[in-house]
Structures are given as structure tokens and as C-alpha cells.
Amino acid sequence: NVIPGQDLVLEAQIDTEPSESVYMVSWERRQPGDSLLQIAKLFWGPTETLKTFSERVALTDSGATLWLRNFSSADSGLYGIIVTAEDGTERSAQATVSEYEPISSVSVSMAADSPPALLCAVGRGTAPVFQWLQAGVPVSPGRYLLSADGRSLAPAGLAPLCGLFTCQAH
């Protein structure tokens with residue numbers, strides 16, 4: 001996830017056998033419903049960059065790291081690197097890149113389960129991490145059960161769920 005206006009940096013590790021020699025490294029992007037868009041190619045010699053990206057893209061000497069300056073939501077998609085050896089064999093890797101969306105509208109509700117549980121939700125946001133506080137102090141794991149994603153909080157055992165609870169999402 002990338003904050004708009006910041007640089008996207010994708011790093012790949014290119015592992016080759018001692019007898020192999022890399023001929024070309026190519027970076028591409030695919031967006032849902034769109035065809036493949038080539039960003040840059042690095043031959044052992046010159047680097048070719050697609051005209052739309054020419055002012056915004058840089059590659060390391062090995063081609064293993066791609067920098068895309070001034071990221072925007074239009075740059076989101078599935079990025080791929082293809083490494084071609086001199087004998088024509090290829091290796092590739094992919095990463096999904098999307099725009100970071102700030103967390104908003106944090107809310108807490110209560111599930112009337114047995115035992116009752118507090119539920120924390122966010123209206124929007126990229127990969128929220130939840131933390132529960134009781135009277136301003138992080139909840140004690142022995143007294144409360146947290147869901148794996150941290151969104152729900154329930155008492156451990158028969159203890160009542162009472163007091164001032166706060167859910168923080170970041």
C-alpha cells in the first residue's frame with residue numbers, strides 16, 4: 001500500500017546460478033480489466049522506459065529495484081518482474097500494489113452473544129490494526145479474549161464486561 005504522492009519502491013531478489021547470466025529484466029503492471037502495461041526493460045546496456053513512465057521511473061543497475069515517483073491511485077495494480085537469462089529461461093514474481101486509504105469512522109458495538117463481546121469496526125481504511133484499552137490502559141490478555149484480528153473483545157471466563165473500553169484503530 002502506497003500513500004498518494006509518495007514513491008513506490010518494489011525490490012526483488014534476483015537469484016541466479018553461477019553458470020547463468022541475466023540478459024534482461026522487465027517490469028510490468030496489470031490493472032483489472034486492462035491489458036498488460038510494460039513499465040521498463042533493462043538490457044545489459046540501455047534501459048528502455050515506457051514513455052508514460054519515463055520521468056517517474058528509475059531502476060537500479062541490476063534492475064532488481066523499481067522506483068515509481070509520485071504514486072497515484074491510477075498506478076495501482078498487479079506489478080510483475082520478469083528476469084530473462086541469456087538461454088531464454090524466465091523467472092518472475094508479482095506484487096499487488098494499491099493506494100493506502102486512511103482509517104475513518106471507528107465504531108464500537110456490542111454483540112449480545114453469551115458471553116457478550118465488544119466489536120470494533122472501521123468505515124474505511126487499509127489494513128487496520130486494533131488495540132483495546134480499559135480505562136486508558138491496554139486490556140489484560142488473561143482477563144479478556146481477543147479475536148485473531150483484534151476486532152472483538154470478550155471477557156475470559158465468567159467475569160462481567162464492565163468499565164470504560166476504548167477501541168483504537170491505526
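Values in this document were obtained by computation on a predicted structure and should not be read as measured data. Just so it is clear, the values below take in all heavy atoms, side chains as well, and ignore hydrogens, waters and symmetry mates.
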Rounded distance [0.5 Å steps], [atom1] in [X] versus [atom2] in [Y]:
X: I82; Y: S26; atom1: CD1; atom2: OG; value: 5.0 Å
X: L78; Y: Q94; atom1: CG; atom2: CD; value: 4.0 Å
X: R151; Y: F130; atom1: CZ; atom2: CZ; value: 3.5 Å
X: S72; Y: E99; atom1: OG; atom2: CD; value: 8.0 Å
X: L8; Y: R29; atom1: CG; atom2: CZ; value: 10.5 Å

Does [X] reach the side chain of [Y], with side-chain heavy atoms less than 4.5 Å apart?
X: I81; Y: V25; result: yes
X: W27; Y: L10; result: yes
X: Q134; Y: R143; result: yes
X: Q131; Y: P138; result: yes
X: Y79; Y: L66; result: yes
X: V2; Y: V97; result: yes
X: E86; Y: Y23; result: yes

Let me know which of D7, D75, N70 forms a side-chain hydrogen bond (donor to acceptor under 3.5 Å, both in side chains) with R56.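 Testing each of D7, D75, N70 against R56, the sole residue satisfying side-chain hydrogen bond (donor to acceptor under 3.5 Å, both in side chains) is D75.
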Can you give me the closest heavy-atom contact between G142 and A156, atom names plus distance?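 Taking every non-hydrogen atom into account, O-CB, 3.6 Å.
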For the student: nearest non-hydrogen atoms of L119 and A111, plus distance: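 Reported closest heavy-atom pair: CD1-CB, 3.8 Å.
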Please go through Y144's hydrophobic cluster and name the other residues, only I, L, V, M, F, W, Y counting, with side-chain heavy atoms under 4.5 Å joining them.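 Y144 clusters with V108, M110, L118, W132, V139, L146, L153, L161, F165.
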Checking N1 against T126 for the side chain to side chain donor-acceptor pair (under 3.5 Å) test, could you report, in this order, the C-alpha distance in whole Å, the side-chain angles of both residues, the deciding distance, and whether it holds? CA-CA 8 Å; N1 298 305; T126 302; 4.7 Å; no
